[in-house]
Protein chains: 2
Amino acid sequence: MRTRQLKSFIVLAEELHFGKAAERLHMQQPPLSRQIKALENELEVMLFKRNNRKVELTEEGAFFLQEAKAIITRLTAAQHTLKAMGNGEAGTLRIGFVDSSITERFVITMGRFKDQYPKVIIELEEKVSVEQVAAIGEGSLHIGFIRTQLAKTHELSHINVINEPYIIALANNHPMAEQETVSVYELAKEPLIFFPHRKNPGFYNWVLNGFAQYDLMPKFGFEVERDQAAEMFVAGGFGYTLLPSTSCRMGRRGLTYKRIQEPFLDLRISMAWNPAHECPLVNNFIDVFKQQAG
Amino acid sequence: MRTRQLKSFIVLAEELHFGKAAERLHMQQPPLSRQIKALENELEVMLFKRNNRKVELTEEGAFFLQEAKAIITRLTAAQHTLKAMGNGEAGTLRIGFVDSSITERFVITMGRFKDQYPKVIIELEEKVSVEQVAAIGEGSLHIGFIRTQLAKTHELSHINVINEPYIIALANNHPMAEQETVSVYELAKEPLIFFPHRKNPGFYNWVLNGFAQYDLMPKFGFEVERDQAAEMFVAGGFGYTLLPSTSCRMGRRGLTYKRIQEPFLDLRISMAWNPAHECPLVNNFIDVFKQQAG
DNA sequence: CAGAATGATGCGATTTAGGTATTATTATGC
DNA sequence: GCATAATAATACCTAAATCGCATCATTCTG
């Protein structure tokens with residue numbers, strides 16, 4: 001059976017006239033007759049009751065008309081969706097991220113993309129960077145927002161999207177709050193309000209390494225699970241905490257933010273994707289992301 | 001596009017191997033390759049990512065797989081329904097009836113038919129006999145239960161389904177309740193509890209004719225709209241009413257049923273259908289009806 | 001009864017689809 | 001690292017299907 005036959009059948013059912021239907025189908029009348037006949041043979045059912053002067057649908061024909069219309073409609077819709085997928089206007093975009101990549105810009109980009117490509121479904125997954133890189137390589141993730149610095153020769157393409165120093169938050173009435181900047185040597189003497197090692201070992205060790213560059217060890221104060229709790233303890237004067245510099249835009253009353261005098265730790269987030277996969281969705285997302293930058 | 005291509009696509013999507021898929025499709029591998037290629041060309045989309053060793057669905061392919069399955073499923077279901085319609089096991093059966101044709105047997109037959117052919121939809125329409133005959137002739141009604149006596153040479157086939165005399169109902173304590181039968185001459189002197197002329201003029205006049213055979217006129221008592229009301233008046237001793245003889249099977253307490261001495265009025269219901277239409281639904285219905293008779 | 005309308009049929013040319021044999025490429029094993 | 005097996009694509013041929021044109025057959029109309 002051919003879709004053309006179904007289309008012919010639908011047109012003929014509307015016209016109830018072989019000649020006129022054939023005209024609408026840009027074909028001659030005899031092949032249309034044979035097409036319908038072939039369809040009827042295949043279905044083993046007469047779809048039209050016809051003598052040499054009149055054509056009308058049989059009961060079976062009336063039923064099959066509904067079905068044929070439904071089928072053709074669905075097929076046509078599917079073809080349109082496929083075309084949209086080819087343009088990156090439909091489909092599912094899977095994006096990975098690490099916790100610290102969720103910035104204002106990230107959220108705004110998501111919103112813009114959703115506005116511009118409303119038919120695209122975005123699936124967001126939080127994953128550590130190495131897992132994201134593996135997932136992008138094998139294709140189960142389209143795009144990743146990762147901490148890992150990829151080599152320029154890496155099989156994945158990437159661009160830096162965040163590159164900013166970590167700064168510290170202090171209580172307003174803290175003695176160091178008077179200074180312009182704070183030295184790591186001073187910091188090491190002050191209690192660090194931090195999260196427990198088990199929560200994010202990679203980041204935890206990375207901070208330790210930051211101190212270790214200067215042969216220092218942080219002095220640990222309270223361990224808290226959530227950022228908000230950390231800010232409360234800092235505001236209470238129990239020590240300091242670390243955060244990416246742009247996070248202080250949404251600064252809290254009672255806290256002061258200070259840069260660290262020496263080069264210390266930088267938050268570097270890259271957006272990575274697999275150029276080998278040639279996915280229009282990805283290209284569109286990157287475009288929207290870059291627009292947002294400008 | 002051919003349905004065969006969709007089926008091939010579905011099988012290949014399941015096997016992800018041209019050779020095995022071709023085997024399942026009872027064809028060779030090269031034509032399957034070409035079929036898929038042709039489908040991809042028509043859709044202007046690659047459905048499979050494949051090198052010479054591996055076959056896997058693209059995102060577009062995964063989407064189209066769902067659609068193709070839905071389409072083929074629907075088409076297959078439609079074909080089955082068409083086949084069932086050809087056997088008279090599916091479709092819509094339109095049956096006309098007149099009020100007095102609704103007997104126990106009628107209802108039981110409907111139930112049997114519905115049990116035996118659960119996929120058939122029965123549409124019942126109350127219509128006077130002449131309209132039913134016209135509707136059956138033009139095909140808008142499959143079967144009619146009519147009062148009209150059709151000639152044997154009539155274009156519609158028919159069988160008698162009810163042929164029974166009208167009898168009368170009387171109050172138990174009515175003087176005539178003692179007699180074996182009642183004469184029309186006696187009846188004409190007794191008030192007839194009847195429905196108003198406007199409710200069913202044909203039947204009303206037919207009853208008048210019954211009396212007119214004997215140069216009589218009924219003596220009209222109360223006019224009531226419903227049978228139940230008539231029975232109440234009869235039980236109250238206000239006169240008699242007419243009813244088909246088998247209706248007294250469901251007789252009411254307080255009422256006595258008497259045959260009429262002279263030939264008077266007979267209820268004759270025929271079941272009529274159009275043999276020219278050759279509808280398996282109709283044949284099946286007639287079969288069930290005849291079974292019920294035996 | 002003649003003619004117009006209309007669906008079916010016959011026929012030849014073209015296109016399409018399937019089968020077989022072969023090729024090209026890639027993964028695997030020694 | 002090379003030979004071999006596996007596997008999808010391609011070439012080529014044959015068979016089938018489809019189309020357009022011409023014609024036929026039937027039926028409705030005046």
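Per chain, numbering begins at 1; letters A, B, ... match sequence-line order.
- Protein atom CD1 of A:Ile36 is 15 Å distant from nucleotide atom C1' of D:dC19, rounded to whole Å.
- Taking the six-membered ring for Trp and thresholds of 30 and 60 degrees, B:Phe106 and B:Phe145 have ring planes more than 60 degrees apart, a perpendicular arrangement.
- Considering CD1 of B:Ile136 and NE2 of B:His154, their distance stands at 9.0 Å, rounded to 0.5 Å.
- Here A:Glu42 does not pair with A:Arg2 in a salt bridge; the nearest charged N to carboxylate O distance is not below 4.0 Å.
- Atom CG in B:Leu32 sits about 16 Å away from atom C1' in C:dT20, given to the nearest Å.
- Here D:dG20 presents its C1' atom at 15 Å from CG of A:Leu25, a figure rounded to the nearest Å.
- Within 4.0 Å (heavy atoms only), B:Gln28 reaches at least one base atom of the nucleic acid.
- Checking A:Ser270, A:Ser100, A:Ser129 one by one against A:Arg147, the side chain to side chain donor-acceptor pair (under 3.5 Å) holds for a single residue, A:Ser100.
- Shown here are the ring pair (Phe, Tyr, Trp, His ring centres under 6.0 Å) partners of A:His197, two or more places apart in sequence or in another chain: A:Tyr204.
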Letter by letter from the 5' end, nucleotides 8-18 of chain D scores (B base, S sugar-phosphate only, - none; protein heavy atoms under 4.0 Å) BBBBB-----S

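- When atom types are taken as modelled, the side chain of A:Lys54 and the backbone of A:Leu16 share no donor-acceptor pair closer than 3.5 angstrom.
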